[in-house]
2 protein chains.
Amino acid sequence: MKSDSLQTLKEKGHRITQARSAIIELLENTDRPIAAKSLYTMLERIGIKVNITTVYRELEFLLQENIIEKVPLKDTELHYEMKGRPHHHHLLCTSCGNIEDIALESEHTLLEEAHTVSAYNIKRHSLAFYGQCPKCQ
Amino acid sequence: MKSDSLQTLKEKGHRITQARSAIIELLENTDRPIAAKSLYTMLERIGIKVNITTVYRELEFLLQENIIEKVPLKDTELHYEMKGRPHHHHLLCTSCGNIEDIALESEHTLLEEAHTVSAYNIKRHSLAFYGQCPKCQ
DNA sequence: ATGTTAATTGCAACTTAATTGCATTGTACT
DNA sequence: AGTACAATGCAATTAAGTTGCAATTAACAT
């Protein structure tokens, strides 16, 4: 049950290090975007000691390898999540900071309109909702 | 033809300084979000010498006064624009960095769905499109 | 098993956006 | 003109993220 991404990386000639496989595993098993620093903390908690620089470099690497993507949810730091998951967007609780996924049927209508209305060659978009989660209301 | 916002601020007992009125005027006469640093440059160009700290503090102040709002378009810096303009979103050119407004009819459908689907008490949302502008294509 | 090589890592220094403390300045009001 | 306190400049600080370089180590060959 080794991760596909890991397998692919290995086939491409990249090395499978403790940090790399742990980071991929954490991203795969977390259904929400994670920030570099919390990834670092999570690694620490499971006993993997790496420098924060390594976390940043690994995220940069996984971005280039098209395995993860940036999610700009907060003003102050970036989050990252696995690519290739069903298309969805995010809900961020403005009180506790909790993050959830949300998928919307009516999104494709919006995208169609955007393509029609604009002269830009639109490649991607970002959409996020901010409010209070049930617990914090 | 003095700005409404300026008038309101004065009535609230705030002072009208050169920096304050210039920043508000720049924001009012620019139909796209502006970053703190480019605001600083624009001020310089029109002969207004202020510290970048003042720009940040003024933006913070205008945010609290509910006159402007944050627009998180880029990973590296925040942009700001006047509040109260007709609801719209943004297009950012991934080549030249140009920013444009875009308004979408079908957006309310999306919002309705979001409200229905989610248990969150959604207060606001952010939506941006990324691609190449006509010039850069 | 051991050696080789280049990918990966740690460390320290650096960059950039943004914030803060404090002394000074200047707007608005008397 | 004089006063009060909002606004400002300056320098130092914080926090996210990046970079150069030497040391380490995974993967492959012998």
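Residue numbers start from 1 in every chain, and the chains themselves are labelled A, B, ... in the order their sequence lines are given, proteins ahead of strands. FYI, side chains are in, hydrogens and waters are out, and symmetry mates aren't considered; it's all heavy atoms of this structure.
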Does OP1 or OP2 of [N] have a side-chain N or O of [X] closer than 4.0 Å?
X: B:Lys37; N: C:dT16; answer: no
X: B:Arg20; N: D:dA7; answer: yes
X: A:Tyr56; N: D:dT18; answer: no
X: B:Asn51; N: D:dC10; answer: yes
X: B:Thr53; N: D:dG9; answer: no
X: A:Thr17; N: C:dT9; answer: yes

Nearest-nucleotide check on DNA chain C, A:Gln18 vs A:Arg15; residue mapping nearer the 5' end is A:Arg15
When B:His14 and B:Tyr80 are each assigned the nearest nucleotide of DNA chain C, the 5'-most assignment goes to B:Tyr80
Ranking D:dG17, C:dT9, D:dA7 by distance to the side chain of A:Arg57, first place goes to C:dT9
Among the nucleotides D:dT18, C:dA28, D:dC10, whichever has the atom closest to the side chain of B:Lys10 is C:dA28
B:Gln132 side chain near A:Lys123 side chain, heavy-atom distance below 4.5 Å: yes
[X] [atom1] to [N] [atom2]: how many Å, rounded?
X: A:Lys49; N: D:dT24; atom1: NZ; atom2: P; answer: 15 Å
X: A:Leu6; N: D:dA27; atom1: CG; atom2: P; answer: 9 Å
X: A:Leu63; N: D:dG17; atom1: CG; atom2: C1'; answer: 13 Å
X: B:Ile23; N: D:dA7; atom1: CD1; atom2: P; answer: 12 Å
X: A:Phe61; N: D:dT18; atom1: CZ; atom2: P; answer: 16 Å
X: B:Ile16; N: C:dA28; atom1: CD1; atom2: P; answer: 6 Å
X: B:Asp75; N: C:dT16; atom1: CG; atom2: P; answer: 16 Å
X: B:Lys70; N: C:dT19; atom1: NZ; atom2: P; answer: 7 Å

Answer with yes or no after comparing the ring centroid distance for A:His108 and A:His115 against a 6.0 Å cut-off, counting only values under it.
-> no
> Taking NZ, NE, NH1 and NH2 as the nitrogens, is one of them in A:Arg20 or A:Glu58 under 4.0 Å from a carboxylate oxygen of the other?
Replying inline: yes
Short N-O contact, A:Lys70 and A:Glu81, less than 4.0 angstrom
no
Any donor-acceptor N/O pair, B:Ser38 side chain to B:Ile34 backbone, under 3.5 Å: no
Notebook entry, point to check: When we call it a touch if two heavy atoms are under 4.0 Å apart, what does B:Ile52 touch: a base, just sugar-phosphate, or nothing?
Noted result: nothing
What's A:Ala35 touching, base or sugar-phosphate or nothing? Going by heavy atoms closer than 4.0 Å.
nothing
